[in-house]
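Both ligands and their constituent atoms are indexed starting at 1 by order of listing.
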Amino acid sequence: MRRPILAANWKMNKTAADAVSFAEKFLPSAGQQAAVDVVIAPPFTALDRLRGALGGSTVELAAQNVNAEPSGAHTGEISLSMLEEFGCRYVIVGHSERRAIYGESSAQVAAKAVAVQGAGLRPIVCVGETLEERDRGDTLAVVGQQLEESLAGVSGGELVIAYEPVWAIGTGRVATPEIAQEVHAFVREKLRGLYSEVADSVRIQYGGSVKPDNAADLMAQSDIDGALVGGASLEADSFSQLVSIVASRAEG
Ligand code: PGA
């Protein structure tokens with residue numbers, strides 16, 4: 001069975017001081033997990049202090065983005081060696097906000113994911129359709145193409161996929177477990193084509209308005225191996241409730 005992975009994507013929220021007070025509230029109840037990978041992706045500016053606050057817990061750090069180049073004239077960007085210095089184990093690449101607001105292409109996402117793996121870190125590669133694409137009946141075609149292009153050159157070994165329907169992100173409109181499972185099963189099938197037997201060990205997270213009151217039904221689906229959570233990860237209480245829900249899936 002795949003080990004579930006629950007990741008907090010804080011986006012552009014929380015100062016370093018906020019991150020430390022989150023950790024102080026969160027760690028007593030959820031800081032030691034045997035069966036679930038718990039990951040937090042804070043803003044870059046909070047990585048250092050959050051790392052210190054998480055010391056001794058099983059929670060791992062992620063970055064929300066990275067530049068694929070090792071160094072150089074890229075004003076405003078951050079490199080993998082800079083992230084490694086702060087103990088990041090994962091990097092989210094291709095989040096729909098990066099794709100939509102900052103025009104990131106799947107080819108760029110693939111270059112980032114390849115670079116992440118090259119540095120010995122694990123990419124969380126995000127894919128997902130817009131509402132318009134879903135209404136046109138194009139969901140599987142869009143997700144399939146995003147996967148093919150965003151995974152070019154990427155190995156199946158240390159890989160996490162996040163399926164995040166754009167219409168469910170930050171909207172309170174979660175995908176039903178059936179809709180999510182349908183796409184996750186499709187993603188798994190695609191991964192089998194790309195990576196043969198390794199595909200069954202790749203974890204596929206669902207993301208988009210995951211909350212403590214809808215998570216259990218999502219986690220009960222056979223191809224949903226965890227969640228990538230925005231809004232509900234900002235409060236220590238709701239994120240620790242999510243940890244318990246995902247952990248009970250692992251144990252059940
Ligand atoms: P949400 O965000 O949980 O606030 O919908 C999820 C994400 O964007 O990763």
So for atom [atom1], which belongs to [X], do other residues, nucleotides or ligands contribute more than 12 heavy atoms lying within a distance under 6.0 Å?
{"X": "Q32", "atom1": "CD", "value": "yes"}
{"X": "E235", "atom1": "CD", "value": "no"}
{"X": "E132", "atom1": "CD", "value": "no"}

> According to the side chain to side chain donor-acceptor pair (under 3.5 Å) rule, which pairs have a member within residues 42-58, sequence neighbours left out?
Replying inline: none
> Under a 4.0 Å N-O cut-off, is there an ion pair linking D138 with R136?
Replying inline: yes
> Applying a heavy-atom distance cut-off of 4.0 Å, which protein residues contact ligand 1?
Replying inline: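 Around ligand 1, where the cutoff is 4.0 Å for heavy atoms, the contacting residues are N9, K11, H95, E164, A168, I169, G170, G208, S209, L228, V229, G230, G231.
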> Do V202 and V160 come close enough that some side-chain heavy atom pair is under 4.5 Å?
Replying inline: no
